[in-house]
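Remarks on the structure that follows.
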2 protein chains.
Amino acid sequence: MVMPASAVAVPESGVPGSMGDVRRSNLSLVLGRIAEAPPGVHPSRAQVAAATRLTKASVSSLVLDLLEAGLLREVGLNQQGRGRPSVGLELNPARSVMGMEINVDYISAGVTDLAGNLLVRETQERDNRSGGHVPVLAALAGLAAKVRAAAGDGGVQVLGGGLAVPGLVEPAAARVLTAPNLGWTNVDLDLGALLPDVPLGVELFNEANAAALAELRHRPDGASDFVFVSGEVGVGGGLVVGSELFTGPGGHAGEVGHVVVDPEGVRCSCGGTGCLETVSGQDAILAAAGIAAGSRTRSESIEALVQALHEGQPRALSAVERAGQYLGVALASTARVMNVGSLVLGGHFAVLDPWLRAPLLDSLERYAPGRFAPEQVGLSAVGQAGALLGAAGSVVRSLVDAPHRLQY
Amino acid sequence: MVMPASAVAVPESGVPGSMGDVRRSNLSLVLGRIAEAPPGVHPSRAQVAAATRLTKASVSSLVLDLLEAGLLREVGLNQQGRGRPSVGLELNPARSVMGMEINVDYISAGVTDLAGNLLVRETQERDNRSGGHVPVLAALAGLAAKVRAAAGDGGVQVLGGGLAVPGLVEPAAARVLTAPNLGWTNVDLDLGALLPDVPLGVELFNEANAAALAELRHRPDGASDFVFVSGEVGVGGGLVVGSELFTGPGGHAGEVGHVVVDPEGVRCSCGGTGCLETVSGQDAILAAAGIAAGSRTRSESIEALVQALHEGQPRALSAVERAGQYLGVALASTARVMNVGSLVLGGHFAVLDPWLRAPLLDSLERYAPGRFAPEQVGLSAVGQAGALLGAAGSVVRSLVDAPHRLQY
DNA sequence: GACGATTAGTTTATTGCCTGAACTATATGC
DNA sequence: GCATATAGTTCAGGCAATAAACTAATCGTC
């Protein structure tokens, strides 16, 4: 797992520290070390002790707690030359978390083990725009139950879940403030009903943020700082800084789609003017490319656009070129304000990359010269499953950060 | 990067927590409570215990350490009705830190006590653009020695210092990467020579960042999240998020001056195109207003501009109007990406506020509708002393965060 | 194949720090 | 002067990490 094993031997500010905090911090430190290990590598207590600089005695005691909590498992003996063979440690593969996603035209639920491997996943096509949120959640609860049962058949226990939604969310209140493409406003979600009786409960995430976290975990270059731009109906974003999601004071940072790229531009659905979304969002590109929605679904329209690009249709090409140029304007500004050095394109930006990339790079060079070599502009490594994987991974991560939550 | 500034003494990432961390954290917690108290209020051990939820026993022991370290002082008896009178606690007024500033045409040094009150300050006009950094630092060392001696005459000991510089800095390396307006590039500073033999050493800050921290401390509304825009020769910025400076992964976040506000705009000194600085920087405004630099100093030019505005000269008015509009574009984008809800104007933006404000607010409303009520757009509360106060305050803050650094 | 060297993991004594409860100190009010 | 109330200290108890000694298991070598 890619995460900074930050050993914070101390509670949030404002509350006194006591020795229990040290214990909790060190539990997290040890668990994090084991979670970080590459697949197939099973560190021993001694290795963890060396890596963390805790003593062998402390690690033994901490590992015992984690074994009892069911988070770790001992796995065989590692023989490494002389001396007593070590006992390998790994994340318990019988513990898992569920990731769920509600999008405009589908719902999806999947279970990953604590190492992030997707064990089961089911997607169900569904028009979620009509009928309000109640039936959507009911359908998702059914899908989740099904997936959970499948995992249970494999002997896997689900500890908690994460739900990703394309809109502004208030995670603490389990509330969706606004999800324009779903037509939801101030919707309170009964997350408990979605996945009953799980020890860690269910957390709520913004879709682009969740997807950004999934990228963080799966980036081949292991970048720990980047701007993720998710091109969906709206243009969303996730800011990853120091391997953490940056959500800002209000919790909704990363609205790259509403950076002003053309002060003289057109009105945006957000009420603003000249937002990136108005030139580089799916609808804007399709319209500029002259591809009518007609009776097509959105993904069919994108396919038609790709087809047109392959055919070299000038209108399609210039629409995408324009989108790339303006994307460069927004990302140059964002990257300079945040001082982030790499970019990850998701959604339709990834799909359109072959045509979008050159104008994007040119634009970046024009507006933020010398900052972005081509290799700093990457494509999504997880694709459409990003939101689901990110939501699940984030729940795992918060568990690794605070493993004591599972020891009663 | 300007200190992690988490309210607590956290060990380096990956280092095990031990009981010493608890002690350090609680020392900081207690000291922080006392530092937070309004001027004239001297909390007792019992009050601190109640506020922190530490036991009276722990607080007594922690306070003893802090007294011995010279950070706290007992002050008289508070009589509050029945019972044994309490002993007031306050930050030791005999301990202080020094703030220093190098700017284009002056150097400045001042001493504040730990509560942030400015005790002595001296400013010396000086052309720092010519002759390189060595004589500048020599002059500043002399000024600092003078100010330190003055403080010493008052019985005040200087514990450490902070230096603010208008440029990109690498605080850990005591290095100025680039300070365009000083003509410095990759300059290594001997900070120790600036203020010899202080227990906490001297830290380096970016000017706009330091000023932003000073605003944080002195804001009348107590806002803990804002974008500070410092209008100097360049347009700098400081992002304050959750009462912390946000410096980004590379340590140089907040370059509001290089947000693209006009993709079709002119070349910027940074190599980019259409940056805010190219339309709202001092030089840009003065040029647009038709005010020649001539033999004037920069501040004289600004005075001439204000004069022209008072006289209602159309060219000056429209130059400032344009600057305000574009400032709105940059701030709307920045505030949406960072999800920060209030703005603070410094430097010439504060000076020009009477003429700048209306177009700025209009522009904000146009590009980020419904986000910025007029009261969310404030003016600098500290003015020109901001960088100096911020540098000093930041040193105090890192001391409060980690008071054990003073107990040998 | 016994023995020393080597490495893994556990046990034990010690130390540091917080907690709670008992205790001392110093005021008010009747 | 005595009950009451509040501030602050002392002391025993417990938890968690550490260091060092100890047990466990394997390899290499004579």
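So you know, we letter chains A, B, ... as the sequences are listed, proteins then strands, and number each from 1. Keep in mind the model is a prediction, meaning the values are calculated, not measured.
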Value in whole Å for how far the [atom2] atom of [N] lies from [atom1] of [X]:
X      : N      : atom1 : atom2 : value
B:D65  : C:dC17 : CG    : C1'   : 11 Å
B:E74  : D:dA7  : CD    : P     : 15 Å
B:H404 : C:dC17 : NE2   : P     : 12 Å
B:L62  : C:dC18 : CG    : C1'   : 9 Å
A:R23  : D:dG14 : CZ    : P     : 18 Å
B:L64  : C:dC17 : CG    : C1'   : 15 Å
A:L27  : D:dA17 : CG    : C1'   : 13 Å
A:D21  : C:dG16 : CG    : C1'   : 15 Å

Can a side-chain donor-acceptor contact be found between [Y] and [X] if the only test is distance below 3.5 angstrom?
X      : Y      : value
A:R23  : A:S61  : yes
B:R219 : B:S224 : no
B:S28  : B:S25  : no

Closest to the [X] side chain: [options]?
X     : options               : answer
A:K56 : D:dA17, C:dA8, C:dG29 : C:dA8
B:A46 : D:dA7, C:dC18, D:dT4  : D:dA7
A:V22 : C:dC17, D:dT9, D:dA16 : D:dA16

Check this one for me: any side-chain N or O of [X] less than 4.0 Å away from OP1 or OP2 of [N]?
X     : N      : result
A:T55 : D:dA19 : no
A:S44 : C:dG9  : yes
A:R45 : C:dT10 : yes
B:N26 : C:dC18 : yes

Does B:A57 reach a base, just sugar-phosphate, or nothing at all? Heavy atoms under 4.0 Å.
base

Positions of residues 84-95 of chain B (non-hydrogen atom under 4.0 Å from DNA chain C), listed by number
B:R84, B:P85

Can you see which heavy atom on B:A381 is nearest to which on B:H218, and at what distance?
CB-O, 3.7 Å

For B:R82 and B:S58, find the nucleotide of DNA chain C closest to each by heavy atoms; which residue's nucleotide sits nearer the 5' end?
B:S58

Could you walk me through whether B:L159 and B:L406 pass side chain to side chain contact (heavy atoms under 4.5 Å, CB included), step by step?
CA-CA 9 Å; B:L159 297 178; B:L406 269 194; 3.7 Å; yes

Side chain to side chain contact (heavy atoms under 4.5 Å, CB included) for B:V75 and B:L89? Distances and angles first, verdict last.
CA-CA 6 Å; B:V75 48; B:L89 297 169; 5.9 Å; no

Between A:V111 and A:V97, is the side chain to side chain contact (heavy atoms under 4.5 Å, CB included) condition met? List the steps.
CA-CA 6 Å; A:V111 167; A:V97 295; over 6 Å; no

